[in-house]
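Heavy-atom basis, side chains included; hydrogens, waters and symmetry copies ignored. Bear in mind that the values here come from a model prediction, so they are computed numbers and not experimental data.
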Amino acid sequence: MVDIKTDASLESMRAAGRVVAQTLTAVREAAAVGVPLTELDETARAVLREAGAGSPFLGYHPSWAPTPFPAVICASVNDAIVHGIPGSYRLRDGDLVSIDSGATLDGWVGDAAISFTVGRARPEDLRLIDTANEALAAGIAAAVVGNRIGDIAHAVGRVCRAAGFGIPGGFGGHGVGRTMHEDPGVPNEGRPGRGVALRHGMVLAIEPMLIGSGTDRHFTTRDGWTIRTLDSSRASHAEHTVAITDDGPRILTQL
Ligand code: MG
């Protein structure tokens with residue numbers, strides 16, 4: 001069932017979303033060659049603590065995962081697409097880093113992700129990151145009353161495919177509200193005019209994930225969480241929590 005938020009609830013979700021944006025900004029600033037991923041998680045925890053916010057990631061334990069998620073961010077480096085656990089790995093020159101983070105404030109959740117490079121960037125990585133951001137922007141532009149979920153999915157997928165990048169099947173966006181994952185699912189590829197009709201008060205996380213080689217193939221590593229590309233090519237991820245409103249899409253997870 002798709003939950004429709006009141007305007008007051010959207011304001012609360014905006015506050016939660018702002019904390020997510022602050023978290024991602026701080027993590028990006030802290031990320032540098034030699035910095036361990038655990039330190040990025042510590043940085044994120046400090047921002048959440050300062051804001052009086054909780055983490056919808058920490059302790060999250062879906063049925064498919066062997067263990068509860070142990071951190072407040074996902075840190076997915078290079079060939080990791082999503083759901084990377086921030087461990088002792090220290091960032092290296094030229095790494096492509098994707099950080100996904102969430103915040104819970106007054107019972108409302110925000111969810112967003114960014115990708116960036118550390119040290120000397122490879123041009124092909126910058127293109128992979130730029131395209132994820134373009135696909136996200138296209139998805140957001142399609143998140144308008146009168147459209148359907150398939151219009152968002154189509155907009156996202158078209159940008160990714162036109163650039164020659166792969167899309168890992170089975171992963172995508174979702175409704176957001178009191179919990180991190182609500183109906184409806186928001187696939188990263190789809191047919192326009194299909195699926196749930198978009199209405200004022202719906203809140204969606206839109207999150208393109210791209211594979212640089214153009215393959216869609218991926219696998220789950222032995223930690224039970226991290227999703228990696230099968231051919232070891234690099235991946236990027238971008239995400240915003242977006243409210244559908246009569247005045248157009250409203251990005252909740254920005255500063
Ligand atoms: Mg999400």
Side-chain angles (χ1 to χ4, degrees), residues 14-58 69-105 109-137 139-140 173 176 180 205-210 212 225-227 234-242 251-255:
R14 173 69 180 112
R18 191 174 281 114
V19 176
V20 179
Q22 290 164 348
T23 301
L24 291 173
T25 300
V27 168
R28 184 174 189 157
E29 281 171 6
V33 174
V35 172
L37 298 179
T38 48
E39 194 173 309
L40 301 184
D41 189 58
E42 287 300 323
T43 297
R45 286 176 193 247
V47 174
L48 294 176
R49 201 181 306 127
E50 181 75 17
S55 169
F57 286 36
L58 185 64
F69 196 77
V72 304
I73 59 170
C74 298
S76 306
V77 179
N78 296 336
D79 63 318
I81 308 168
V82 286
H83 302 166
I85 296 172
S88 59
Y89 177 84
R90 289 177 183 272
L91 291 172
R92 295 176 187 166
D93 190 35
D95 276 350
L96 193 174
V97 187
S98 299
I99 302 291
D100 196 340
S101 189
T104 307
L105 194 67
V109 173
D111 184 11
I114 56 172
S115 294
F116 54 88
T117 57
V118 293
R120 287 165 297 183
R122 302 180 183 182
E124 62 267 34
D125 287 347
L126 297 178
R127 186 170 160 264
L128 190 58
I129 292 167
D130 288 347
T131 306
N133 291 330
E134 286 166 23
L136 175 57
I140 292 170
V176 189
M180 185 162 54
I206 302 172
E207 48 177 324
M209 302 157 200
L210 280 62
W225 279 99
T226 312
I227 310 299
R234 293 186 170 197
S236 65
H237 180 207
E239 177 181 22
H240 270 307
T241 298
V242 180
I251 301 173
L252 302 180
T253 41
Q254 59 190 3
L255 290 175

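Using modelled atom types, one finds no donor on one side chain facing an acceptor on the other under 3.5 Å when comparing His83 with Thr226. Counting only N and O atoms by type, the side chains of Ser98 and Ser76 include no donor and acceptor under 3.5 Å apart. Side-chain contact annotation: His240 with Gln254, donor-acceptor N/O pair under 3.5 Å absent.
Using a 4.5 Å heavy-atom threshold, the side chains of Thr131 and Leu210 count as touching. Between Ile73 and Phe57, the closest side-chain pair of non-hydrogen atoms is not below 4.5 Å. Residues Met180 and Val176 have side chains not in contact (no heavy-atom distance under 4.5 Å, counting atoms from C-beta outward). Using a 4.5 Å heavy-atom cutoff, the side chains of Glu207 and Asp100 are in contact. Residues Ile99 and Phe116 form a side-chain contact, since some pair of their non-hydrogen atoms from C-beta on lies under 4.5 Å apart. Side chains of Arg28 and Ile114 form a contact here, defined as non-hydrogen atoms less than 4.5 Å apart. The side-chain heavy atoms of Arg122 and Thr117, taken from C-beta on, include no pair separated by under 4.5 Å. Inter-residue side-chain proximity for Pro70 and Ile85 is flagged as met; some heavy-atom pair is nearer than 4.5 Å.
Scanning both residues, Thr23 and Ala44, for their nearest heavy atoms gives CG2-CB, 3.5 Å. Counting all heavy atoms, side chain and backbone alike, Thr38 lies closest to Pro86 at CG2-O, 3.7 Å. Residues Ala113 and Leu24 come closest through the heavy atom pair N-CD1, 4.0 Å. Closest non-hydrogen pair, Ser115 versus His237, comes out as OG-O, 2.6 Å. Here the closest non-hydrogen pair linking Val19 and Ala103 is CG1-CB, 3.8 Å. Between Ser88 and Pro36, the shortest heavy-atom distance links the atoms O-CB, 3.9 Å.
Between the CG atom of Leu255 and the CD atom of Gln22 there is a distance of 6.5 Å, given to the nearest 0.5 Å. Once rounded to the nearest 0.5 Å, the distance linking CG of Asp79 with CD1 of Ile227 reads 12.0 Å. For the atom pair CD1 (Ile81) and OG (Ser236), the distance works out to 10.0 Å, reported to the nearest 0.5 Å. With rounding to the nearest 0.5 angstrom, the CD atom of Glu239 is 7.5 Å from the OG1 atom of Thr253. Between the OG atom of Ser101 and the CG atom of Leu48 there is a distance of 6.0 Å, given to the nearest 0.5 Å.
Side-chain N or O atoms of Thr241 include none that pairs as donor or acceptor with a backbone N or O of Ala205 at under 3.5 Å. Panel note: side chain Arg90, backbone Val35; no donor-acceptor pair is recorded below 3.5 Å. In this structure, Thr104 contributes its side chain and Ser55 its backbone to no donor-acceptor pair below 3.5 Å. Between the side chain of Asp125 and the backbone N or O of Leu96 there is no donor-acceptor pair closer than 3.5 Å. One N or O on the side chain of Asp95 and one on the backbone of Arg92 form a donor-acceptor pair closer than 3.5 Å.
Between Asp93 and Arg120 there is a salt bridge, since at least one side-chain N of the basic residue sits less than 4.0 Å from a carboxylate O of the acidic one.
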Phe69/Cys74 under side-chain contact (heavy atoms from CB on, under 4.5 Å): CA gap, chis, key distance, verdict: CA-CA 9 Å; Phe69 196 77; Cys74 298; 3.7 Å; yes
Full working for side-chain contact (heavy atoms from CB on, under 4.5 Å) between Val20 and Asp111: CA-CA 7 Å; Val20 179; Asp111 184 11; over 6 Å; no
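Heavy atoms from other residues, nucleotides or ligands lying under 6.0 Å from CD of Glu50 number 12 at most.
Under the side chain to side chain contact (heavy atoms under 4.5 Å, CB included) rule, Val72 has a single partner from Leu58, Val47, Thr43, Leu40, which is Leu58.
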